[in-house]
> 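Right, I'll just put the structure down here and ask away after.
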Amino acid sequence: MLSKKMLDALNNQVKNEMFSWHLYHSMALHFEAMNFKGFAAWMKAQAAEEMGHANKFVDFIIERGGRVVLPALEKPQTEWSSHLAAFQDAVKHEQFITAEINKLVDLAHAENDHPAHYFLGWFVSEQVEEEASVGEVAQKLEMIGASSHAIFMFDAVLGKRGQ
Ligand code: OFO
């Protein structure tokens, strides 16, 4: 059985992961609007992963006998000044999510909740990968700078994600 504190914190993480989906979907639609199909496909794949994360939390809460309460989601940003600006926001967002996961781990420890602690281990590793993947794209965009030729080539590369 989950403690009330743990249940509320896990429900809050469902909200965080759903907002990640919302934000990355919004970025995908921004790229779609500019006809950068590769950037859009990359972000759609990222958004789909986020809904997968939210569902992992949902399933865990249900398995532990808790009640999932779906949240209202904040309206995400809809436009970015550049490809780099969008990915820099994604990096900041992943750093925020990492901090939230770390807080959950601390809470699981404080509540002596071993199943939650074990469950959250997957997310601790996943956040290393999440920060690395958005960080890698942001770093490459920094190197590309204002070269539109390179951006078009990179669009084709990013479109291969998940193929
Ligand atoms: Fe769910 O890892 Fe990104 O936000």
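When a residue number appears, it is its place in the shown sequence, counting from 1. Both ligands and their constituent atoms are indexed starting at 1 by order of listing.
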> Could you please spell out the steps behind the side chain to side chain contact (heavy atoms under 4.5 Å, CB included) verdict for I97 and Q13?
CA-CA 9 Å; I97 295 293; Q13 192 57 24; 4.0 Å; yes
> E94: which residues meet the side-chain hydrogen bond (donor to acceptor under 3.5 Å, both in side chains) condition with it, sequence neighbours left out?
Y24, Q127
> Look at the aromatic rings of H83 and F36 and report parallel, tilted or perpendicular, splitting at 30° and 60°.
perpendicular
> Could you tell me how the ring of H22 sits relative to the ring of F19: parallel (under 30°), tilted (30 to 60°) or perpendicular (over 60°)?
perpendicular
> Using the side chain to side chain donor-acceptor pair (under 3.5 Å) rule, collect all pairs that involve residues 28-42, keeping only residues at least two apart or in two chains.
E32-K37, E32-K44
> What number of protein N, O or S atoms occur at distances under 2.8 Å from atom 1 (Fe) of ligand 1?
3
> Only pairs under 3.5 Å count here: list side-chain donor-acceptor contacts from residues 104-118, not counting sequence neighbours, and write none if there are none.
unit_1 : atom_1 : unit_2 : atom_2 : d
E111   : OE1    : S3     : OG     : 2.6
N112   : OD1    : H114   : NE2    : 3.4
D113   : OD1    : R64    : NH1    : 3.1
D113   : OD1    : R64    : NH2    : 3.4
D113   : OD1    : A116   : N      : 3.0
D113   : OD2    : R64    : NH1    : 3.4
D113   : OD2    : R64    : NH2    : 3.4

